[in-house]
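See structure below.
Just so it is clear, the model here is predicted, and its values are computed rather than measured.
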Amino acid sequence: MSGDHFHNDSQIDSGSRHNDSHKHKDKYKDKEHKHKDHKKDKEREKSKYSNSEHRDSSDKKHRDKDKERLKLKDGSSDKQKDKHREKKKEERSFDGKPKKEKENGFESPFIKSEPENDGFYHSPKHEKSLKRERDDDDAEFKPKKIKTEESEKKAKKRKQEEEITNVLVPALCTAVLVACVGMLVYILPSLCFFIPFRWEEERYTDGVKWKFLEHKGPVFAPPYEPLPSNVKFYYDGKHMKLSPGAEEVATFFAKMLDHEYTTKDVFRKNFFKDWRKEMTSEEKSKLTDLNKCDFSEMSEYFKAQSEARKAMTKEEKLKIKEENERLLQEYGFCIMDNHKERIANFRIEPPGLFRGRGDHPKMGMLKRRIRPEDIIINCSKDSKYPKPPPGTKWKEVRHDNKVTWLVSWTENIQGSIKYIMLNPSSRIKGEKDWQKYEMARRLKKCVDRIRAQYREDWKSKEMRIRQRAVALYFIDKLALRAGNEKEEGETADTVGCCSLRVEHLTLHQEMDGQEYVVEFDFLGKDSIRYYNKVPVEKRVFKNLQLFMEDKEPEDDLFDRLNTSILNKHLQELMDGLTAKVFRTYNASITLQQQLNELTSSEDNVPAKILSYNRANRAVAILCNHQRAPPKTFEKSMQNLQTKIDAKKEQLADAKRELKSAKADAKVRRDEKSKKAVESKKKAVQRIEEQLMKLEVQATDREENKQIALGTSKLNYLDPRISVAWCKKFGIPIEKIYNKTQREKFAWAIDMAEKDYEF
DNA sequence: TGAGGAACTTAGGAAGAAGCGT
DNA sequence: ACGCTTCTTCCTAAGTTCCTCA
């Protein structure tokens, strides 16, 4: 790992899901304090400062703090503004580029070849000829021509212009003719770059995402099928026939009966509340206690059904498969700008019980069935609109080409909007992905300056600037997420950098022989625990002491900071920079460094892949991508060990045989026995290789027990690094990326050569 | 300036499919 | 061919960021 990114292994060892530690739950419960009460915070700060002047200053620690406070007092906002102005100037001169880059104005590898015989362009197929100079830093934002009717017109026009130039220049300057023509031929291609319009630029300015969009709309969840009459529900031991509405919701609960969820108070309470809403008034008056409800027959019925599904004959299974395939073919694709593209999620989410992650206050609530009347369709005006199911209507059909979604609806749990969008292999997603990594590479070019800046800001007179600088340091060093504020009681209590609270940090002046150690313990996204002990610089440590002073555990650590302030600041440091770019940058740069460090060209393929996985793992640890250890982990580890032992024995046998063959050959000295020695030798070699492969596998698996590699691979690692690595070391790309991943990263596979550098 | 909404990316777990050893 | 394991795909929740409006 790069020295920059200290990450204690104990984080993984001791990391556990929220559910496992009640510590958090108890701590966060019954919270009366409001973190967002800024008035109060400001007042507290005021009084803090005035108090400090009366304090006994004999203690050195206090003296230091008081000094810092006095310094902070002087900060004036006007000065600060001037500083910003200066910074802006600096930014311009730093990379010598104008501030605003063209939106989407980068060279696209998503250029499709001639239509295939079904009349569509198939993504992702790229013309080989496009490979040139793409990895060039300077080339990264050049637009690229794409064949369409429009662009063909423009190409014609351009050609005419070129012809004029080509004809006129020699006619006028016969004297320098030879030289000029030579030059012109050389210069013309680059002149073309300045011709003002290009296909993409014209299409994609002002946030336009497409010109044509046609699709078939969503696939709705299958309607509810009432239970057969022999499957009964009991209340208080007595059989009770439920109305269809109530029965459907009951089956949602019954299907989850084996899950831990259904034992949780919050889940049961929310479920019962929502269930009652679906009951008839008669049912409502009868069913008053969930504990008296007996869903076991329903549960058994569903279990039996799933068993039956597993036991289906081949033909039946094939029939289902074919039906799914038909649905995919009909609804799974759309046409966007002449290309047939795969849709990511064309099925509407079926009704059910909401399963939040961690301690979610809304777990168990009823996720209602989505009807056509809830659906907004987005497509182009001149397309064939999708038809709603017979007898129904869409909520709306709109034609907004500044967004990428095809279908949307509002979900009833959080009131948020859900979308149907394209697959990661699509042009629109791929280009965005590429842009993301280009942004991270731009950060690479100025990260030193930004680091110097935030280190300088640790000394600032203004509290808000110090907080901003320390937070940015965490985001950079520890790859923390930005940490938006969340509405209390609406979601699980999780935090990111800006929303850290005092209770999430413990400061240790000295710990395990290291100075200034900060112990982090909080729940991040998806209620995954982040636990890490990090030695920090003295100045950061002192600042943290200052931030935490006179605060309650449940107070915000950075009370003068939020993600919007932080991102505004980042925007000033580099155009387009946001907190999340640091995660992408640090992940990708770590992969590259690790690959360079770990791979040796003498290794065989499995050893090289182990190195790759280890590099990938370093990133996953940095980003805290955890997983629950697979249920069968111990067992499968044992199985592997058994295999290894067997292989070792086999090797010993083979060696013994080889030895005796050699002895035999020494005595006999004939061709036949020589051959026998050779074949035994080969056998030993083969078994040794097999053994090594197994051992590597075991190491890999053990190290991977609680770490999820997929998330970083899919979202944080510039695929061009991996592609280049494969090319450099002769590893087939299939060993690193499976089919889906290769589709998603087609742009990178197409463009990256072995010398690509992030 | 801050709240709320919209759009889009990132995330881990469950279900389903494929592969492998017996 | 069968049963178990592992890999892949699907699912949808939970983040970030940007925009709009008061």
Return the 5'-most residue of the pair A:Gly524, A:Ala344 with respect to DNA chain C, ranking by each residue's nearest nucleotide. A:Ala344
Residue A:Ile417, side-chain heavy atoms: nucleotide from B:dG12, C:dT17, B:dA6 that is nearest: B:dA6
Once you round it to whole Å, what is the distance between P of B:dA11 and CG of A:Leu717? 11 Å
Rounded to whole Å, please give me the gap between CG in A:Leu709 and P in B:dG13. 14 Å
So A:Ser416, base contact, sugar-phosphate only, or nothing? Heavy-atom distance under 4.0 Å. nothing
Can you see if the side chain of A:Gln414 gets near the phosphate of C:dA14 - specifically, an N or O under 4.0 Å from OP1 or OP2? yes
Give one of base, sugar-phosphate or nothing for A:Gly483, where a contact means two heavy atoms less than 4.0 Å apart. sugar-phosphate
Distance check: side-chain N/O of A:Arg701 vs OP1/OP2 of C:dT6, anything under 4.0 Å? yes
Could you tell me whether the phosphate oxygens of B:dC8, OP1 or OP2, come under 4.0 Å of any side-chain nitrogen or oxygen in A:Thr404? yes
Salt bridge between A:Glu341 and A:Arg427, side-chain N to carboxylate O under 4.0 Å? no
Go through the steps to decide whether A:Asp374 and A:Thr410 satisfy the test side chain to side chain donor-acceptor pair (under 3.5 Å), and finish with yes or no. CA-CA 7 Å; A:Asp374 303 314; A:Thr410 303; over 6 Å; no
Taking atom P of B:dA7 as reference, at what distance in whole Å does atom NZ of A:Lys432 sit? 13 Å
Between A:Ser712 and A:Val403, just flag the one whose closest nucleotide in DNA chain B comes earlier from the 5' side. A:Val403
Are any of A:His625's side-chain N or O atoms less than 4.0 Å away from OP1 or OP2 of B:dT10? no
Between B:dA6 (P) and A:Trp409 (CH2): distance, integer Å: 15 Å
Crowding at CD, A:Gln329 (>12 non-hydrogen neighbours, <6.0 Å): yes
What's the closest nucleotide to the side chain of A:Trp405 if the choices are C:dT12, B:dA18, B:dC8? B:dC8
Check the pair A:Asp718 / A:Arg720 against salt bridge (charged side-chain N to carboxylate O under 4.0 Å, His left out), numbers first and verdict last. CA-CA 5 Å; A:Asp718 183 343; A:Arg720 290 169 294 183; 3.0 Å; yes
Choose from C:dA13, C:dT8, B:dA6 the nucleotide whose nearest atom is closest to any side-chain atom of A:Glu349. C:dA13
Take A:Tyr419 and A:Arg583, find for each the nucleotide of DNA chain B with the closest heavy atom, and name the residue whose nucleotide sits nearer the 5' end. A:Tyr419
Count the heavy atoms belonging to other residues, nucleotides or ligands that lie under 6.0 Å from NZ of A:Lys436, then report whether that count exceeds 12. yes
Phosphate oxygens OP1/OP2 of B:dG13: is one of them under 4.0 Å from a side-chain N or O of A:Arg355? no
Would you say A:Lys735 has more than 12 foreign heavy atoms packed within less than 6.0 Å of its NZ? no
Check whether any side-chain N or O of A:Asn567 sits under 4.0 Å from OP1 or OP2 of C:dT17, and answer yes or no. yes
Reckon A:Pro350 touches a base, only the sugar-phosphate, or nothing at all at heavy-atom distances under 4.0 Å? sugar-phosphate
Over 60° means perpendicular and under 30° means parallel, so tell me whether A:Phe745 and A:Tyr737 are parallel, tilted or perpendicular. tilted
What contact category does A:Gly710 fall into here, base, sugar-phosphate, or nothing, at under 4.0 angstrom with non-hydrogen atoms? nothing
Compare side-chain N and O positions of A:Lys580 against OP1 and OP2 of B:dC8 and report whether any pair is under 4.0 Å apart. no
Distance test, side-chain N/O of A:Tyr716 to OP1/OP2 of B:dA11, below 4.0 Å: yes
Can you tell me the distance, in whole Å, between the NE2 atom of A:His360 and the P atom of C:dT12? 16 Å
Does A:Lys568 have a side-chain nitrogen or oxygen under 4.0 Å from the phosphate oxygens OP1 or OP2 of C:dT17? no
Return whichever of A:Leu577 or A:Arg342 has its heavy-atom-nearest nucleotide of DNA chain C closer to the 5' end. A:Arg342
Does a side-chain N or O from A:Lys367 land closer than 4.0 Å to OP1 or OP2 of C:dA13, or not? yes
For the pair made of CZ in A:Arg742 and C1' in C:dC7, what is the distance, rounded to whole Å? 13 Å
Rounded to whole angstroms, how far apart are CG on A:Asn484 and C1' on B:dA7? 14 Å
Rounded distance in Å - CD (A:Glu734) to P (B:dA18): 18 Å
Can you tell me if the side-chain N/O atoms of A:Lys486 get under 4.0 Å from OP1 or OP2 in C:dG15? yes
Would one find a side-chain N or O of A:Arg357 under 4.0 angstrom from OP1 or OP2 of B:dT10? no
Determine: side-chain N/O of A:Thr578 to OP1/OP2 of C:dT17, distance under 4.0 Å, yes or no. yes
Does OP1 or OP2 of B:dA7 have a side-chain N or O of A:Ser408 closer than 4.0 Å? no
